[in-house]
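The structure appears right after this line, and notes come after that.
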Amino acid sequence: MTTAEPAADAAVDNLAALESEAIHIFREVAGEFDRPVILFSGGKDSTLMLHLAIKAFWPAPVPFPLLHVDTGHNFDEVLEFRDRVVEKHGLRLVVAKVQDWIDDGRLEERADGLRNPLQTTPLLETIAENKFDAVFGGGRRDEERARAKERIFSLRNAFGQWEPRRQRPELWNLYNGRHRPGEQVRVFPLSNWTEADVWNYIAREKVELPSIYYAHQRAVYQRDGMWLSEGPWGGPRPGEDVRELSVRYRTVGDGSCTGAIESTASTVEEVIAEVQASRLTERGATRADDRMSEAAMEDRKREGYF
């Protein structure tokens with residue numbers, strides 16, 4: 001037996017353990033909460049999370065609706081994929097459009113044009129309106145320092161805010177979902193996954209993703225060290241030259257702050273090799289909203305962000 005064989009076996013065992021943990025979490029939430037919801041944008045992490053939810057309850061349908069906070073600055077390929085997945089599995093999708101909050105004066109456009117920071121209010125108000133008491137998110141601890149502090153069951157107060165001192169220990173896969181009326185719990189089934197785990201599992205399960213996760217030709221311009229594409233969010237600015245490059249996206253979100261990377265990785269196997277060679281997380285490499293300050297993500301979590 002070569003040394004490569006035990007390594008491959010260990011990788012398979014690791015994915016099986018991660019899958020088992022996530023399925024256990026979905027079933028635990030179904031037993032503990034009255035009105036859970038899954039945050040679903042059509043990105044790779046939320047798509048993987050939905051895939052695991054389907055496996056957790058198969059052959060019964062997923063017993064939770066999906067919720068997408070739509071900034072209005074999403075990529076067309078991702079929205080098309082989102083709607084196709086919802087139709088394929090017969091799911092209920094609740095869409096909270098940031099534009100609706102802007103139109104009726106509850107939010108104002110930011111001077112920098114970013115809409116990711118504007119998602120918090122629509123998220124919290126939609127959760128309250130629908131009385132959702134558990135909200136599944138696709139956050140992983142390897143993505144960013146503030147997310148590394150997150151519990152799998154993350155208690156939020158009646159205002160949707162994260163309070164570190166109120167978080168509970170999680171020992172032996174025991175999860176405490178107890179909460180007061182009006183409070184909610186954010187649940188992160190992918191907490192212990194890495195980006196490499198996600199892609200290896202996608203390869204194993206043949207999970208379909210939006211096409212922009214793979215190399216394609218796109219007109220992009222460079223800003224703050226990232227390749228951004230043209231869209232309703234504006235750009236390029238004077239002096240930002242548009243170039244046609246082979247790129248792909250490691251993470252997808254608001255197009256005004258989500259950058260592409262130069263890549264020729266057009267298959268899952270090629271993406272996995274690229275991810276294994278990278279020294280930056282996908283958010284650190286391609287998300288401008290996380291670069292606004294050292295504590296950008298933690299500040300938004302305290303306000304009620306994902």
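Heavy atoms only: backbone and side chains are in, while hydrogens, waters and symmetry mates are out.
- Ionic pairing of Glu274 and Arg250 is not present here: no N-O contact between side-chain nitrogen and carboxylate oxygen is shorter than 4.0 angstrom.
- No path of Ile, Leu, Val, Met, Phe, Trp and Tyr side chains, each step under 4.5 Å between heavy atoms, connects Leu79 with Leu50, placing them in separate hydrophobic clusters.
- In this structure, the side chain of Ser246 engages the main chain of Ser263 through a donor-acceptor pair within 3.5 Å.
- For His89, the side-chain contact (heavy atoms from CB on, under 4.5 Å) criterion is met by Ile54, Val85, Leu91, not counting sequence neighbours.
- In this structure, Asn200 contributes its side chain and Ile272 its backbone to no donor-acceptor pair below 3.5 Å.
- To the nearest 0.5 angstrom, Glu28 atom CD is 12.0 Å from Glu21 atom CD.
- Taking a cutoff of 4.0 Å between a charged side-chain nitrogen and a carboxylate oxygen, Glu77 and Arg218 qualify as a salt bridge.
- Judged by distance alone, with hydrogens and angles left aside, the side-chain atoms of Glu240 form a donor-acceptor pair with the main-chain N or O of Arg237 at under 3.5 Å.
- Under the 4.0 Å criterion applied to side-chain N and carboxylate O atoms, Arg156 and Glu183 are not assigned as salt-bridge partners.
- Between Tyr175 and Phe153, the ring centre distance stays below 6.0 Å.
- The OH atom of Tyr249 sits 6.0 Å away from the CD1 atom of Ile212 when rounded to the nearest 0.5 Å.
- At least one donor-acceptor pair closer than 3.5 Å links the side chain of Arg35 to the backbone N or O of Asn130.
- Donor-acceptor pairing under 3.5 Å is recorded for the side chains of Asp197 and Asn14.
- Checked by atom type and distance alone, the side chain of Trp233 pairs as donor or acceptor with a backbone atom of Ser229 at under 3.5 Å.
- Using a distance-only test at 3.5 Å, with no hydrogens or angles considered, no donor-acceptor pair links the side chain of Glu205 to the main chain of Ile202.
- A distance of 11.0 Å separates CG in Leu18 from CD1 in Ile23, rounded to the nearest 0.5 Å.
- Phe75 and Val220 fall into different hydrophobic clusters, defined by Ile, Leu, Val, Met, Phe, Trp and Tyr side-chain heavy atoms under 4.5 Å apart, directly or through other members.
- Taking hydrophobic clusters as Ile, Leu, Val, Met, Phe, Trp and Tyr residues chained together by side-chain heavy-atom distances below 4.5 Å, Val247 does not share a cluster with Val271.
- No hydrogens or angles considered: nothing links the side chains of Thr121 and Glu125 as a donor-acceptor pair under 3.5 Å.
- Both the sub-6.0 Å distance and the 45° axial angle are not jointly satisfied by Arg140 relative to the ring of Trp193.
- By the rule that hydrophobic residues join a cluster once side-chain heavy atoms approach within less than 4.5 Å of another member, Val275 and Tyr201 end up as members of one cluster.
- Annotation: the span from Leu209 atom CG to His51 atom NE2 amounts to 11.0 Å, rounded to 0.5 Å.
- How far CG of Leu114 is from CD of Gln119: 11.0 Å, rounded to the nearest 0.5 Å.
- Tyr221 is not connected to Leu245 by any chain of hydrophobic side-chain contacts under 4.5 Å among Ile, Leu, Val, Met, Phe, Trp and Tyr, and they are in different clusters.
- Residues His179 and Gln184 have side chains that never bring a donor and an acceptor to within less than 3.5 angstrom of each other.
- Remark: side-chain polar atoms of Arg115 are paired, donor with acceptor, to backbone N or O of Thr71 under 3.5 angstrom.
- The shortest non-hydrogen separation linking Leu66 to Val37 is C-CG2, 3.9 Å.
- Counting heavy atoms from C-beta outward, His68 and Thr126 have side chains that stay 4.5 Å or more apart.
- Legend: residues meeting ring pair (Phe, Tyr, Trp, His ring centres under 6.0 Å) with Phe81, ordered by chain and number and at least two apart, are absent.
- Judged purely by atom type and a 3.5 angstrom limit, Asp254 uses its side chain to pair as donor or acceptor with the backbone of Asn116.
- Checked for salt-bridge contact, Glu262 and Arg248 miss the test: no charged N lies under 4.0 Å from a carboxylate O.
- For the pair Ile25 and Pro189, the tightest heavy-atom approach, listed with the atom from each and the gap, is CD1-CA, 3.9 Å.
- Asp142 CG to Asn192 CG: the interatomic distance, rounded to the nearest 0.5 Å, is 10.0 Å.
- Between Phe26 and Phe64, the two ring planes are parallel [angle under 30°; tilted spans 30° to 60°].
- A donor-acceptor pair is defined here as one N or O able to donate and one able to accept, closer than 3.5 Å; such a pair exists between the side chain of Asp133 and the backbone of Asp34.
- Between the side chain of Ser46 and the main chain of Gly43, a donor-acceptor pair closer than 3.5 Å is present.
- Between Phe188 and Phe136, the distance from one ring center to the other does not fall under 6.0 angstrom.
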